[in-house]
Each structure stands twice: as C-alpha cells, then as structure tokens.
Amino acid sequence: MMPNLFEATNTYWRELDKLEAAYQRHELSLQEVDAKVTELMIALGQERRAAFASFRDGLRHLWQKQQELLLGMSLLGALTYAWVTFNHLS
C-alpha cells in the first residue's frame, strides 16, 4: 500500500501545533519541545522515504511491464513534436 504522505504531513503539523500550545501554557520545557520535534521530524522523514520508495518501485514495475509501449509512445510523441515544429516554421 502506498504511504499517505499528505496525511503524515498533516499529522506532523497538528502535533507541532499541540507542542506549541503546550509550550505556551508552560507545560513543556524548551528541551522537551526540541526532543519531541526531533522525533516528529524523524517519523515524517521515514514516511517520506517510504512514499518515494513506493513511487519509485511503481515506476520500475511500470517500466518492466510496459517498456515497449512507453518507448513507442515516447518516439511517437517526439516525431509528432518535430513534425508540428517543422511544419509551423515553413
């Protein structure tokens, strides 16, 4: 399953907002806030790496299964672009 990077980012910001509120109420010290922010950043970084790895694996799988189609479509697109460009110039 593809990691939900958008939801992980929203969770990160909600947790930061909670930390800021607790700090403003003097419930947490600055050192405690720094430690918790470090933990949150590590968790978000892991989620980001998992999302990028999943995306990369999806592209690799698509390439392996549809290599000829992708190459053919790319060639057709390049030839069409060249044809339109050269016909437009003359």
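The analysis underlying the following values was restricted to heavy atoms, covering all of them including side chains, and did not include hydrogens, waters or symmetry mates.
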Spatial distance of atom CG (L44) from atom CE (M41) [nearest 0.5 Å]: 8.5 Å
By side-chain contact (heavy atoms from CB on, under 4.5 Å) - contacts of E27 (at least two apart): A22, R25
Nearest-0.5 Å distance that lies between atom CZ in R48 and atom CG in L5: 8.5 Å
Contacts of type side-chain contact (heavy atoms from CB on, under 4.5 Å), residue Q24, not counting sequence neighbours: E20
Y12 OH: over 12 foreign heavy atoms closer than 6.0 Å: yes
Minimum side-chain heavy-atom gap W13-L40 below 4.5 Å: no
Partner residues of R49 under the side-chain contact (heavy atoms from CB on, under 4.5 Å) criterion, sequence neighbours left out: Q46
Smallest separation among heavy atoms of Y23 and L28, with atom names: CD1-O, 3.4 Å
Given Q67, Q66, R60, the one that forms side chain to side chain contact (heavy atoms under 4.5 Å, CB included) with W63: Q67
With E32 via salt bridge (Lys or Arg N to Asp or Glu O under 4.0 Å) - residues at least two apart: none
Same cluster (ILVMFWY, side-chain, under 4.5 Å), L70 and M73: no
Joint hydrophobic cluster, L16 plus I42, side-chain heavy atoms closer than 4.5 Å: no
Sequence-distant partners of R14, salt bridge (Lys or Arg N to Asp or Glu O under 4.0 Å), two or more places apart: E7
Connected via hydrophobic side-chain network under 4.5 Å: L71 and L75: no
By side-chain contact (heavy atoms from CB on, under 4.5 Å) - contacts of L59 (at least two apart): F55
